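Comments concern the structure below.
Note that these values count all heavy atoms, side chains included, but never hydrogens, waters or copies made by symmetry. This is a predicted model, so every value here is computed, not measured.
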Amino acid sequence: PCRPRTVTTPVDGATYVGIEIPDPEKELCVVSILRAADCMADEFMRELPGVPAGKILIQRDEKTAQPQLFFSKLPADVSKRRVLLVDPMLATGGSATEAIRVLREAGV
């Protein structure tokens, strides 16, 4: 998703090959797995204002230990965007796997 970009530094005028991220407002979105990931999504949106956000609430069933989807709210055009899925509490990977399933069903 990143494109090469030549960067000229203000210190010595040297040029370096860097990267340019896609237009955040048109090409990116952040999706957080509620509740713990909201702090990560907030920081992402603070750095890149205008980025749309989505939320997914997944909790583990106490009896089966399987992830259960309780809520999903994604940008209407999520299928046309690069998605940054944030979740700081990776243990078994069940919630992340379920969130990826939800995103794939939405066309991502």
Side-chain angles (χ1 to χ4, degrees):
C2 299
R3 299 176 278 277
R5 180 178 177 185
T6 301
V7 178
T8 304
T9 66
V11 177
D12 59 5
T15 58
Y16 300 92
V17 176
I19 59 171
E20 180 177 4
I21 63 171
D23 182 343
E25 292 184 25
K26 295 179 182 173
E27 300 176 52
L28 298 177
C29 77
V30 62
V31 174
S32 63
I33 298 177
L34 292 171
R35 294 163 302 252
D38 280 351
C39 61
M40 295 173 77
D42 290 346
E43 289 303 310
F44 185 83
M45 292 184 297
R46 187 173 64 89
E47 293 299 320
L48 296 170
V51 172
K55 309 265 184 200
I56 298 175
L57 175 59
I58 299 168
Q59 293 181 342
R60 185 169 47 181
D61 183 289
E62 294 297 324
K63 293 178 183 171
T64 67
Q66 295 299 308
Q68 284 189 307
L69 176 66
F70 282 88
F71 174 81
S72 174
K73 178 70 174 166
L74 302 171
D77 61 348
V78 70
S79 64
K80 298 176 185 169
R81 295 180 177 271
R82 303 259 180 201
V83 176
L84 177 64
L85 178 63
V86 293
D87 180 14
M89 300 192 45
L90 187 62
T92 64
S95 293
T97 301
E98 180 67 10
I100 291 168
R101 185 193 65 74
V102 170
L103 290 168
R104 289 181 56 96
E105 282 186 2
V108 175

Contacts of Thr6 meeting side chain to side chain donor-acceptor pair (under 3.5 Å) (sequence neighbours excluded), chain-then-number -> none
Members sharing Val108's hydrophobic cluster, built from side-chain contacts under 4.5 Å between Ile, Leu, Val, Met, Phe, Trp and Tyr, are Val31, Ile33, Ile56, Ile58, Leu69, Leu74, Val78, Val83, Leu85, Ile100, Val102, Leu103
With sequence neighbours left out, the residues meeting side chain to side chain donor-acceptor pair (under 3.5 Å) with Ser95 are none
task: Kindly indicate whether the side chain of Ile21, heavy atoms from C-beta on, has any atom under 4.5 Å from the side chain of Glu27.
output: no
N/O donor to acceptor pairs below 3.5 angstrom from side-chain atoms of residues 39-53, sequence neighbours left out:
| residue | atom | partner | partner atom | Å |
| --- | --- | --- | --- | --- |
| Glu43 | OE1 | Arg46 | NE | 3.0 |
| Glu43 | OE1 | Arg46 | NH2 | 2.7 |

Sorted by chain and residue number, the side chain to side chain contact (heavy atoms under 4.5 Å, CB included) partners of Thr64 (sequence neighbours excluded) come out as Asp61, Gln66
Ala65 meets the side chain to side chain contact (heavy atoms under 4.5 Å, CB included) criterion, sequence neighbours left out, with Arg60
For residues 62-77, the salt bridge (charged side-chain N to carboxylate O under 4.0 Å, His left out) pairs (sequence neighbours left out) are Asp77-Arg81
The side chain to side chain donor-acceptor pair (under 3.5 Å) partners of Thr8 (sequence neighbours excluded) come to none
When every non-hydrogen atom of Pro75 is compared with those of Gly54, the smallest separation belongs to CD-CA, 4.1 Å
Note: with side-chain heavy atoms under 4.5 Å as the link, the other cluster members for Leu57 come out as Leu34, Phe70, Phe71
Residues 96-108 vs side-chain hydrogen bond (donor to acceptor under 3.5 Å, both in side chains), sequence neighbours excluded, gives Glu98-Arg101, Arg101-Glu105
